[in-house]
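Below is one structure; the comments refer to it alone.
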Amino acid sequence: MTDLYFDVIILGGGPAGLSAALYCARGELNTAIIDTNMLGGQPSNYLELENYPGFKRIGGYELMEKFEEHADMFNVQKFSMQEILSVDLISNPKVIKTKEHVFSASSVIIATGAKPMKLGVNGEIEFAGRGVSYCAVCDGAFYKDKIVAVVGGGNSAVEEAIYLTQFVKKVYLVHRRDELRADKIIQERAFKNNKIEFVWDSVVQKINGKDLVESLSIKNVKTNDSYELSVDGIFPYIGIVPNVEFFNGQIEQDSKGFIITNNTMETSINGVYAIGDVRNTPLRQVVTAASDGAVAGVYASKYVQALHEVKI
Ligand code: NAP
């Protein structure tokens, strides 16, 4: 194990983290970014974005490569594929232990993002990777000419249902209400797509099969009717939960676990910031994640400079 000290450590290398890294390093802070995976975050799995300003259409992976190249320009130290053992945000300096290193920093920016929420029904864990998938871009091609279900009514569910139609014979979009939550423009595209059949007011109660998924037990919540829907795969897109396992108990969080910040992105702990999807925010987009990163980068720099001045 090696001991490494930085002015600021950013946990998470998605758009929020990479943007914060750029602002911190450009502000001449000795900056490191740590990720448990490769850098790039969730957007690396998005086929295409058409709402990141300046790019009418750009692949998610390509955009994240540009973010990383930009951070590289200011010599951000990158530590990917790190297995985090513990995070102490209360101590000064803050300490992050991974399997390979002990990192210390005056300031920490949390940009750990969020992961898909589970349906919590029988069969979901058993058939993971055998018909249950949380990533249409990763697994869609395996379902060529098959029948799949997408669960949820938000932007993710509707966008991914549309995406899947290029491979599959049919997509059932199973939603618990009779109205979608997704943006109107995305709804319109789904309504026009004749491979998508909407299963309104319905929830999945069980995922059934032998080796692979074969059907779903569906219940109509208005009529209480239950029946089996034959499918080869199911893609739950019912929202996200924050990646906060290492911070619970140290930091103020809302009832769903998202980290609460003020408008400089500072958390309940001085010198600790939270940005992007992990934070209690009204909008989760690449552009808002990048914006959070800029704000946190600037205020973390001010915080570290003030600490240095006190020491002098
Ligand atoms: P979301 O907006 O929270 O939508 C979750 C959907 O799942 C809702 O329709 C919800 O139903 C349904 N749901 C929740 N719990 C359920 C359960 N236990 N059983 C069945 N259905 C359940 O989540 P998201 O679509 O993953 O999006 C997350 C964030 O990322 C959002 O802020 C979204 O706008 C953003 N996003 C943006 C884009 C884009 O702009 N291109 C793309 C993807 C995601 P109700 O509607 O009844 O609550």
Side-chain angles (χ1 to χ4, degrees), residues 14-16 41-53 55-61 63-64 111-125 132-138 140 149-164 171-191 196 198-207 216-222 226 229 231 234-243 254-259 275-292:
Q42 294 181 80
S44 296
N45 290 326
Y46 298 170
L47 181 73
E48 215 169 50
L49 288 94
E50 56 179 23
N51 56 3
Y52 191 78
F55 296 92
K56 288 180 188 156
R57 281 221 164 90
I58 184 161
Y61 186 80
L63 182 63
M64 288 304 98
T112 46
K115 55 180 166 287
M117 199 190 291
K118 301 275 191 293
L119 285 168
V121 298
N122 282 344
E124 187 174 22
I125 295 172
V132 177
S133 168
Y134 303 89
C135 180
V137 174
C138 317
V150 169
V151 186
N155 279 327
S156 300
V158 181
E159 280 189 356
E160 302 308 321
I162 296 168
Y163 173 73
L164 284 165
V171 179
Y172 290 109
L173 200 143
V174 182
H175 183 37
R176 63 184 179 181
R177 294 188 291 137
D178 60 2
E179 202 184 342
L180 299 173
R181 178 182 292 278
D183 296 345
K184 288 280 176 267
I185 184 168
I186 298 167
Q187 293 193 25
E188 291 308 321
R189 285 179 200 163
F191 291 142
I196 299 178
F198 292 86
V199 182
W200 299 113
D201 300 312
S202 297
V203 291
V204 175
Q205 293 196 300
K206 197 165 165 256
I207 301 168
L216 306 174
S217 302
I218 301 278
K219 180 180 163 190
N220 183 305
V221 291
K222 279 196 177 151
S226 293
L229 187 67
V231 296
I234 170 171
F235 293 78
Y237 278 103
I238 60 165
I240 51 175
V241 284
N243 292 318
D254 70 10
S255 58
K256 292 182 175 164
F258 291 97
I259 299 173
I275 55 177
D277 285 4
V278 74
R279 148 177 122 81
N280 174 359
T281 172
L283 189 62
R284 292 189 169 83
Q285 304 276 297
V286 175
V287 69
T288 52
S291 158
D292 282 5

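Counting starts at 1 for both ligands and their atoms, in listed order. The figures here come from the full heavy-atom set of this structure, side chains too, leaving out hydrogens, waters and symmetry mates.
- Taking D254 as the reference, nothing meets the salt bridge (charged side-chain N to carboxylate O under 4.0 Å, His left out) condition, with sequence neighbours excluded.
- Contact shell of ligand 1 (protein heavy atoms, cutoff 4.0 Å): N51, G152, G153, G154, N155, S156, E159, H175, R176, R177, R181, Y237, I238, G239, R284, Q285.
- Classified by interplanar angle (parallel below 30°, tilted 30° to 60°, perpendicular above 60°), the ring pair W200/H175 is perpendicular.
- Annotation: salt bridge (charged side-chain N to carboxylate O under 4.0 Å, His left out) contacts involving residues 116-125, sequence neighbours excluded, are absent.
- Evaluation of the side-chain hydrogen bond (donor to acceptor under 3.5 Å, both in side chains) rule for R189 yields E50 as partners, not counting sequence neighbours.
- With a 4.5 Å cut-off on side-chain heavy atoms, V204 and I218 count as touching.
- Under the side-chain contact (heavy atoms from CB on, under 4.5 Å) test applied with V132, the options L119, I207, I125 reduce to a single match, I207.
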